[in-house]
Amino acid sequence: MAKLLRKRYGFLPPDGQVDHLIIGAGAVGLAIAERLVRAFPNRSTFVVERRGQVGQETSSRNSEVIHSGIYYPTDSLKTALCIRGRDLLYERCREQGIGFRQTGKLIVATDEGQVPYLRKLYKRSETLKQGGDSPVPLEWLTGEQIRALEPDIGDQVVGGLLSPKTGIVSSHEYMESMEKSITDSEAGEMVLGTRVVRIDRAEPSGGGKRGDGSEDGWIVQTVTEDGSGGEGMRASVLAKSVINAAGLNAHHVLNQVLPESEQLRLYFAKGSYFSYRGPGVQNVQRLIYPCPEENHSLSGLGTHLTMSLSNEIRFGPDVEWLDPPRTEDGEDMPDFWESKLAVSEERLELAVNEVKKFLPSVDASGFSPDYSGIRPKLTPRGGTSVDFSLTLPRPGFISLQGIESPGLTSSLAIAERVEEMVRKQVWGLGRGTGKTISEAGRLEAWA
Ligand SMILES: Cc1cc2nc3c(=O)[nH]c(=O)nc-3n(C[C@H](O)[C@H](O)[C@H](O)COP(=O)(O)OP(=O)(O)OC[C@H]3O[C@@H](n4cnc5c(N)ncnc54)[C@H](O)[C@@H]3O)c2cc1C
């Protein structure tokens, strides 16, 4: 894709300059932009998004669950950012009237063989304790205790975990709130319907080091659709720093700045959802998850019950690996997944069987194919799940890849991390050394 684009779009000298250019207005790109706009009110921040609206890809094709941080290694970024992001997200929802509900969640074992894994998750949450309560509180319940809380759950459930900190959120209201605060700010600008097609390194004109006012940075070329169905309008801007938050397209963006030997590959795992209307769920109050299969290496958390804020029940997402067709250059075909979003009827039967293991009275006729989302994976089918990847592969170029679940929950915390990277590694300010009055003020506020 990178090669293809470079052939198609020749170099175009920049005709403007921006301090921070974020590629992608999903939940993560928006959270980063909002954070940078607040932290650096005297520097310009652009968010460039290829769709006509924000959050049209993975950020609106997920379970909308505020995860509590249960499943990942204690020292992982996923655990740290999920816990921090969860707390920030609940706080924001309360303060800004964004739709959410702290439903709580059950993870249930449908046979004794699953109990040790759930016990392991419980122990792990205990090890997160620093003095007081665990930041990921869990309670072990017997099958009877679970049925007392959720009478629709079947007798085959032998026990499980109750997670009181799990909830649901309106991802659209959340993203709208961030978009508004960026557009309302002096320093931020949303550039919608505009695709980044080429990135070139800009060398320092005076041989100076980064952040000293020399013209180093990245020349980012974009194409804006003009509605005529043609090629669109090309533009080029000098960005002092670039933040790649392009989700399923992150590898194609990153590979623009990397040599052949360092090119990144992503893998894609589709998750399909089924809406449900029928018997067997009348009393459900909480989200209900199965015990994840250990041999699935956490490629998904298992087909679970989730609900919308208006109490519509959904089951999903399952895990279906997709194989991208390859281009002549041996790269995967860009955006191939767009033609794979329909939910196939064939997966329905599999979903019904999975759900019946813990909600035995559901009826197959109540399931309807709904929507799907695609997970951007850093490891292929069968590979061990890996952590979020937040990197600085080249000076002034921050790149986020593999931001799968719990990325929505973690988005505000990812933004904090990226602000720290921008502050230290792009502007060389270092925490607490604030070089301008406004930034020093901000630093104290967050210390
Ligand atoms: C099935 C499924 C269920 C999930 N459930 C949950 C959940 O319940 N809770 C949770 O916390 N997380 C969940 N997640 C994860 C969560 O949805 C993602 O981690 C999060 O939405 C990622 O946001 P993002 O901004 O990184 O990516 P995206 O939302 O994909 O945004 C990337 C943006 O970049 C834009 N873009 C790409 N290329 C370019 C370019 N060249 N130029 C300009 N713009 C470009 C795209 O148009 C897109 O808008 C789930 C994910 C899936 C797939």
Side-chain angles (χ1 to χ4, degrees), residues 1-2 5 21-33 46-69 78 81-82 85-86 89 105 166-169 171 174-175 178 190-199 220-225 242-254 256 268-273 287 289 299-301 303-304 306 314 316-320 334-335 337-338 341 343 370-377 388-390 399-415 418:
M1 169 75 164
L5 286 172
L21 188 145
I22 294 152
I23 305 172
V28 173
L30 287 168
I32 293 168
F46 284 8
V47 188
V48 180
E49 166 55 52
R50 61 180 174 177
R51 310 277 174 195
Q53 291 174 333
V54 306
Q56 297 295 292
E57 296 193 359
T58 313
S59 294
S60 54
R61 296 181 161 275
N62 55 57
S63 305
E64 298 191 295
V65 170
I66 302 180
H67 285 295
S68 68
K78 281 189 179 172
L81 298 180
C82 184
R86 172 200 76 191
L89 186 53
K105 145 175 165 176
T166 305
I168 50 177
V169 62
S171 55
Y174 168 49
M175 288 190 280
M178 294 191 282
M190 298 292 311
V191 186
L192 298 177
T194 299
R195 176 188 295 265
V196 169
V197 292
R198 178 176 173 133
I199 306 172
V220 180
Q221 204 180 126
T222 59
V223 171
T224 304
E225 275 150 40
V242 170
I243 295 128
N244 171 16
L248 294 166
N249 209 22
H251 55 325
H252 291 310
V253 169
L254 173 63
Q256 289 268 347
F268 304 88
K270 175 176 170 182
S272 293
Y273 291 88
L287 311 183
Y289 282 58
S299 38
L301 298 179
T303 296
H304 52 260
T306 181
R314 278 193 308 254
D318 57 5
V319 177
E320 182 187 354
D335 305 329
W337 50 268
E338 286 181 346
L341 288 171
V343 175
D370 200 341
Y371 63 93
S372 72
I374 317 277
R375 306 168 180 93
K377 295 271 182 192
F388 288 149
S389 165
L390 278 57
S399 187
L400 280 60
Q401 43 276 317
I403 311 297
E404 50 172 328
S405 192
L408 178 68
T409 310
S410 310
S411 46
L412 293 169
I414 293 175
V418 172

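In each ligand, atom 1 is the first atom listed, and ligand 1 is the first ligand listed.
Closest protein heavy atom to atom 18 (C) of ligand 1: I403 O, 3.5 Å. The shortest contact between atom 21 (O) of ligand 1 and any protein heavy atom is with S59 OG, 2.9 Å. Here the protein heavy atom with the shortest distance to atom 43 (C) of ligand 1 is R50 N, 3.3 Å. Here the protein heavy atom with the shortest distance to atom 13 (C) of ligand 1 is S405 OG, 3.5 Å. In terms of protein heavy atoms, atom 3 (C) of ligand 1 is closest to Y273 OH, 3.2 Å. Taking atom 34 (O) of ligand 1 as the reference point, the nearest protein heavy-atom neighbour is G24 CA, 3.1 Å. Ranking protein heavy atoms by distance to atom 41 (N) of ligand 1, first place goes to V196 O, 3.1 Å. Nearest protein heavy-atom neighbour of atom 52 (C) of ligand 1: R61 O, 3.9 Å.
Residue contact check: V48 has heavy atoms under 4.0 Å from atoms 43 (C), 44 (N) of ligand 1. Of all the atoms in ligand 1, the ones that sit under 4.0 Å from a non-hydrogen atom of H67 are 7 (C), 8 (O), 9 (N), 10 (C), 11 (O). Numbered from 1 in the order shown, with element, the atoms of ligand 1 that lie under 4.0 Å from a heavy atom of A27 read 25 (O). Under a 4.0 Å criterion applied to the non-hydrogen atoms of R51, ligand 1 contributes the atoms 47 (O).
The shortest N/O to N/O separation between V65 and ligand 1 falls below 3.5 Å. Checked against a 3.5 angstrom limit, the closest N/O atoms of S63 and ligand 1 fall inside it. Close N/O approach between R375 and ligand 1 is not found [any backbone or side-chain N/O within under 3.5 Å]. Checking only distances, L408 does come within under 3.5 Å of ligand 1, N or O to N or O.
Side-chain contact between R375 and V319 is present, with heavy atoms from C-beta onward closer than 4.5 Å. Taking the side chain as every heavy atom from C-beta outward, K377 and E404 approach each other to under 4.5 Å. Residues V47 and V54 fail the side-chain proximity criterion, which asks for heavy atoms closer than 4.5 Å.
Counting heavy-atom neighbours within 6.0 Å of Q56 CD, excluding the residue itself, gives a total above 12.
In this structure, R61 does not pair ionically with E338, as no charged nitrogen and carboxylate oxygen lie closer than 4.0 Å.
At a heavy-atom distance under 4.0 Å, no atom of I66 approaches ligand 1.
Side-chain atoms of R86 come within 3.5 Å of backbone N or O of S68 as a donor-acceptor pair. Using modelled atom types, no side-chain atom of D318 and backbone atom of T303 make a donor-acceptor pair closer than 3.5 Å. In terms of modelled atom types and a separation under 3.5 Å, the side chain of S272 and the main chain of V343 share no donor-acceptor contact.
Ring geometry for H304 versus Y289: interplanar angle under 30°, hence parallel rather than tilted (30 to 60°).
Counting only non-hydrogen atoms, the option in A25, A245, G52, P317 that gets closest to atom 32 (C) of ligand 1 is A245. Looking at V319, N244, N62 and measuring to atom 50 (C) of ligand 1, the nearest heavy atom belongs to N62.
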